[in-house]
There are 2 protein chains.
Amino acid sequence: MITPTIVEGLRPYALGEKLRGLRLRKSMGLVELGKHTGLSAAMLSKLERGKLFPTLPTLLRIALVFGVGLEYFFTDERKRHVVAIARKRERLRFPDNPGKGSIAYNFESLDFNATERKLNAFYAEFEPVAAEKVRLHQHAGVELLYLISGTLDLTIGSETFVLEAGDAVYFDSGVRHSYHRASKGPCTGVIVTA
Amino acid sequence: MITPTIVEGLRPYALGEKLRGLRLRKSMGLVELGKHTGLSAAMLSKLERGKLFPTLPTLLRIALVFGVGLEYFFTDERKRHVVAIARKRERLRFPDNPGKGSIAYNFESLDFNATERKLNAFYAEFEPVAAEKVRLHQHAGVELLYLISGTLDLTIGSETFVLEAGDAVYFDSGVRHSYHRASKGPCTGVIVTA
DNA sequence: CTCCCGTTTTCCTGCCACGACAAGACCGGT
DNA sequence: ACCGGTCTTGTCGTGGCAGGAAAACGGGAG
C-alpha cells in the first residue's frame, strides 16, 4: 500500500535527482543507461522524475553501473545543521562500571547532545586495573582511538597492541576488545565509534 | 528480473539481519511490529530471513517505527576485520596548503592505512594565521573535533565558536567551516570526519 | 500431554514496477 | 523550411513478486 505519508517520507532522499545526477555527470542518455542496466528507458525516465519507486534489484542495477553503493541514495541529505558543543566543564563523567572494583576507565560523552549521531565520541581516562579483571566488549561498527597521554595495552581479538601517547588505532569494534592501562601515570584518550 | 548476481549484490547489506536486530533490540515480536507497521507478521519474517526484498515503501514503514533513516540499512557492513595502527613516529605530516603563506594547520592522517574507511581521522596542529586569510571549506558528512591543547576559533556557517582545550564539537561538515588558532601557544586537536 | 506464544511454511491474490510502443521535443545539417 | 537523428515523456498492458491469510511448526511452562 502506497500512502501519501510514505511518499512524503521518501521524498527527502531525492532518489530521482540523484539518479539523474549520476547519469548526466557521465553525459549518458536514458537509452544508453537502459542498455547497461537492462532496463527500459521509459522506466528510467519515470524513476528520475519520481513517478515510480524502484525496487531494490532495480536500484542496485543502476548503482552497479555507476559504481556506487546503495548508501549513495540513502544518505539523508537534509542538511540538518548540527552543531553540538560539549564543553569540558559541562560534561558529565561516567564510571565505566559503577559500584564495582574493576573500573577500567572513566569516560565522558563528547556529543551526547547531538540529536542525530552518526558518530559517538568519548573522552576516556583509563584507570589502573589488574590485567585479569579487564572486561572484553564488542559492538557493531568501527572504533577509532587516539591516545593523548600514557601507555595503553589494547587487546583486539587474540592480539594485544601497546600504544604510546600520540598513537592511534582504527579497528572493527565487532571484534571483542579491551583496554588496559600500562603506564603508571595518567592515561587518556579520545574514542570515536561509528 | 531478479538474478543471482543481484541477490549477491544485495547480500552485503544484510537487510534481514539489520531488521531482526532492530526488532530484537526492543524485544518486540513479529506480530507486534506488524501492528505498528501495518504489515503482516508473515512477511516480516520473510524479510528478516532474506526470502524477500522489501519495497522502499515497506522498508520505510519499518524504519519509521524504529526511528532510523533508510541509510541505516544501506551502510555496507562487510565486516573486514580492520585494525590499523598509526604510530606517532611513523606518521607523515602534511601541511594544509603547501607552498603558500597561509598554512592554517598541519595535519597527520591517523588511519591512512585502513583499507575501508568509514571514518577519517587526523591529528592537527593549528598554526597562527591572520584571521582574514583562513579558508572556509566544506565536505559531505559530519565532523568531530576534540581540542587537546590551546584555544581555537571555529567558524561554522556564519557563527563562530571559541573552543578551549578539552572541548569538543560535533557538526555537519556540509556547512562551510574554518579553523583559526586563537591562542599564542600551540593548538592541537583530533579531527574525525564521517 | 495440553495450552500458549512466537515463528515459519504454504498457498494465493493483486498491486505496481516494468516493458513495448508511439508521440512529442529539440537538436543540427542541407 | 523539411528532414534525419537522438533524447525524452506519455499511454497501455502484463506478469513477477511483494504482501496477506491462515494453517503448521516449535518450544517452553504448567
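So that the names make sense, note that chain A is the first sequence line, chain B the second, and so on, each numbered from 1.
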- Item | Those residues that, when tested against K184(A), pass side-chain contact (heavy atoms from CB on, under 4.5 Å) (two or more places apart) | none
- Those residues at least two apart in sequence (or on a different chain) that pass salt bridge (Lys or Arg N to Asp or Glu O under 4.0 Å) with R11(B) are E8(B)
- Atom CD of E48(A) and atom C1' of dC7(D): how far apart are they, to the nearest Å? 11 Å
- Task: Just jot down the side chain to side chain donor-acceptor pair (under 3.5 Å) partners of T151(A), sequence neighbours excluded, or say none.
- Result: E164(A)
- Expressed in angstrom and rounded to an integer, what is the separation of L59(A) atom CG from dA17(C) atom P? 13 Å
- Message: Side-chain N or O of S45(B) versus OP1/OP2 of dT7(C): is the shortest distance under 4.0 Å?
- Response: no
- Query: Distance check: side-chain N/O of R49(B) vs OP1/OP2 of dT7(C), anything under 4.0 Å?
  - Reply: no
- Residues passing the side-chain contact (heavy atoms from CB on, under 4.5 Å) test with T5(B), sequence neighbours excluded, are T3(B)
- Note on the structure: Across all chains, not counting sequence neighbours, the side chain to side chain donor-acceptor pair (under 3.5 Å) partners of R23(B) are E48(B)
- What residues, two or more places apart in sequence or in another chain, satisfy side-chain contact (heavy atoms from CB on, under 4.5 Å) together with T188(B)? Y123(B), E125(B), I148(B), S149(B)
- Query: Base, sugar-phosphate, or nothing for R23(A), non-hydrogen atoms under 4.0 angstrom?
  - Reply: sugar-phosphate
- Message: If you define the side chain from C-beta out and look only at heavy atoms, does anything of R20(B) sit under 4.5 Å from R49(B)?
- Response: yes
- Could you tell me the separation between the CG atom of L15(A) and the P atom of dA17(C), rounded to a whole number of Å? 12 Å
Sub-3.5 Å pairs of nitrogen or oxygen atoms, protein against nucleotides 16-20 of chain D:
{"unit_1": "dC17(D)", "atom_1": "OP1", "unit_2": "I2(B)", "atom_2": "N", "d": "3.2"}
{"unit_1": "dA18(D)", "atom_1": "O5'", "unit_2": "F53(B)", "atom_2": "O", "d": "3.1"}
{"unit_1": "dG19(D)", "atom_1": "OP1", "unit_2": "T55(B)", "atom_2": "OG1", "d": "2.7"}
{"unit_1": "dG19(D)", "atom_1": "OP1", "unit_2": "T58(B)", "atom_2": "OG1", "d": "2.1"}
{"unit_1": "dG19(D)", "atom_1": "OP2", "unit_2": "T58(B)", "atom_2": "OG1", "d": "3.0"}
{"unit_1": "dG20(D)", "atom_1": "OP1", "unit_2": "G38(B)", "atom_2": "O", "d": "3.3"}
{"unit_1": "dG20(D)", "atom_1": "OP2", "unit_2": "S40(B)", "atom_2": "N", "d": "2.8"}
{"unit_1": "dG20(D)", "atom_1": "OP2", "unit_2": "S40(B)", "atom_2": "OG", "d": "3.0"}
{"unit_1": "dG20(D)", "atom_1": "O6", "unit_2": "K46(B)", "atom_2": "NZ", "d": "2.6"}

- When rounded to the nearest 0.5 angstrom, what distance separates CG in L52(B) from CE in M43(B)? 6.5 Å
- Rounded off to whole Å, could you give me the CG-to-C1' distance for the L24(A) and dT6(D) pair? 15 Å
- Round to a whole Å and report the spacing from CG of L30(B) to C1' of dC5(C). 12 Å
- Name all residues meeting the side-chain contact (heavy atoms from CB on, under 4.5 Å) criterion together with L59(B); count only those two or more places apart in sequence or in a different chain, and write none if there are none. L19(B), P54(B), L70(B), F73(B), F74(B)
Check nucleotides 26-30 of chain D against the protein and report each pair of N or O atoms closer than 3.5 Å, with its distance, or say if there are none.
none

- Task: Identify whether any heavy atom of R61(A) sits under 4.0 Å from a base atom; if not, whether one sits that close to sugar-phosphate; answer base, sugar-phosphate or nothing.
- Result: nothing
